[in-house]
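What follows is a short report on a single structure.
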Amino acid sequence: MRIELRVCEHCYEGEHGDERRQAVVRDMVRCAERIREHKDVIDLDAVHIRKVRDDEPGKPEALPVVTASIHDDQVMINDTQLATEGQDGNMLVYPNPPDILTVLARNIDEISTGLNEDVSVELSSHGAELVS
């Protein structure tokens, strides 16, 4: 199994001016980094984290899948998304921040169970609100 988290680099850096979005994006990255540290516990082959710029929205690093949404009758590539690939080759893509954080948090919970120790990530108040 492999997972790839793609986040907007500008949101991560706080350049889009939305403190809430920056906090949630940083939560996602911290969770993915923690999963990558302990990926062997839950039989993950790889965890990729990609910070996407405006000139390359949604561009994959390792998993060849991209999500899009329709806004004002235009197709827009989602710059923040989580892609997972199972052992059978099937892929799931999560384009919504609450879903992304929930999936990442469940992986961290599974790692904590496998290690018999707490490896959880301290989420921002905005991130915690999304997964509650």
Side-chain angles (χ1 to χ4, degrees):
M1 280 184 59
R2 300 183 297 167
I3 66 173
E4 180 173 336
L5 174 66
R6 301 174 198 140
V7 298
C8 173
E9 180 177 39
H10 302 290
C11 290
Y12 181 83
E13 297 297 334
E15 296 168 4
H16 283 159
D18 184 345
E19 178 185 315
R20 178 181 178 85
R21 183 161 175 86
Q22 180 185 24
V24 170
V25 167
R26 287 182 174 221
D27 287 344
M28 290 177 198
V29 171
R30 280 195 308 276
C31 286
E33 289 171 340
R34 182 63 49 89
I35 293 166
R36 184 169 51 197
E37 290 171 27
H38 302 286
K39 65 183 176 60
D40 296 338
V41 175
I42 56 174
D43 293 327
L44 288 176
D45 297 318
V47 177
H48 302 276
I49 302 167
R50 177 157 172 47
K51 294 178 183 142
V52 180
R53 297 186 315 269
D54 286 342
D55 59 342
E56 56 183 20
K59 184 177 178 184
E61 178 176 314
L63 300 181
V65 62
V66 176
T67 61
S69 301
I70 297 175
H71 295 285
D72 297 326
D73 294 329
Q74 288 190 331
V75 175
M76 306 290 290
I77 302 297
N78 294 51
D79 56 4
T80 299
Q81 54 192 282
L82 177 68
T84 65
E85 179 185 43
Q87 292 173 334
D88 57 4
N90 288 331
M91 291 196 207
L92 297 173
V93 181
Y94 305 89
N96 300 317
D99 297 334
I100 294 168
L101 270 177
T102 299
V103 169
L104 294 171
R106 286 185 181 154
N107 278 278
I108 290 172
D109 288 345
E110 192 175 332
I111 291 168
S112 291
T113 300
L115 291 175
N116 281 332
E117 67 178 81
D118 184 15
V119 296
S120 61
V121 173
E122 184 77 30
L123 296 178
S124 68
S125 59
H126 303 297
E129 181 181 314
L130 288 179
V131 296
S132 63

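Worth saying up front: this structure is predicted, and the values here are computed from it rather than measured. Numbering of residues begins at 1 and proceeds along the displayed sequence.
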Give a yes or no on whether the backbone of Ser120 and the side-chain of Arg34 come within a donor-acceptor separation of less than 3.5 Å.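 Yes; judged by distance alone, with no hydrogens or angles, the pair exists.
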Determine whether a donor-acceptor pair (N or O, by modelled atom type, separation under 3.5 Å) exists between the side chain of Asn96 and the backbone of Pro98. no
With rounding to the nearest 0.5 Å, note down the distance linking [atom1] in [X] to [atom2] in [Y].
X     : Y     : atom1 : atom2 : answer
Thr84 : Met1  : OG1   : CE    : 6.0 Å
Arg2  : Glu4  : CZ    : CD    : 8.5 Å
Glu85 : Leu44 : CD    : CG    : 11.5 Å

hydrophobic_cluster_shared for [Y] and [X], side chain cutoff 4.5 Å:
X     : Y     : value
Ile3  : Leu63 : no
Met91 : Ile42 : no
Val93 : Ile49 : no
Val29 : Val52 : no
Val65 : Val47 : no

Hey, is CD on Glu13 packed in by over 12 heavy atoms from elsewhere, all under 6.0 Å?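 Yes - once you tally the heavy atoms of other residues, nucleotides and ligands closer than 6.0 Å, there are more than 12.
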Other residues, nucleotides, ligands: >12 heavy atoms within 6.0 Å of Glu122 CD: no
Looking at every heavy atom in both [X] and [Y], which two are closest together, and how far apart are they?
X      : Y      : result
Leu115 : His38  : CD1-ND1, 3.7 Å
Asp45  : Lys39  : O-NZ, 3.6 Å
Ser124 : Asp27  : OG-OD2, 2.6 Å
Thr67  : Gln81  : N-OE1, 3.2 Å
Gly114 : Val41  : CA-CG1, 4.0 Å
Ala23  : His126 : CB-CD2, 3.8 Å

Heavy atoms, side chains only, cut-off 4.5 Å: are [X] and [Y] in contact?
X     : Y      : result
Cys31 : Leu123 : yes
Arg26 : Tyr12  : yes
Glu33 : Arg36  : yes
Thr80 : Cys11  : no
Arg6  : Asp79  : no

Sole residue of Leu5, Leu82, Leu92, Ile35 in side chain to side chain contact (heavy atoms under 4.5 Å, CB included) with Val103: Leu82
Considering the options Leu104, Ile108, Thr102, which one meets the side chain to side chain contact (heavy atoms under 4.5 Å, CB included) requirement together with Arg106?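 The single option meeting the side chain to side chain contact (heavy atoms under 4.5 Å, CB included) with Arg106 is Thr102.
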Please walk me through it: do Glu15 and His10 pass side chain to side chain donor-acceptor pair (under 3.5 Å)? CA-CA 5 Å; Glu15 296 168 4; His10 302 290; 2.6 Å; yes
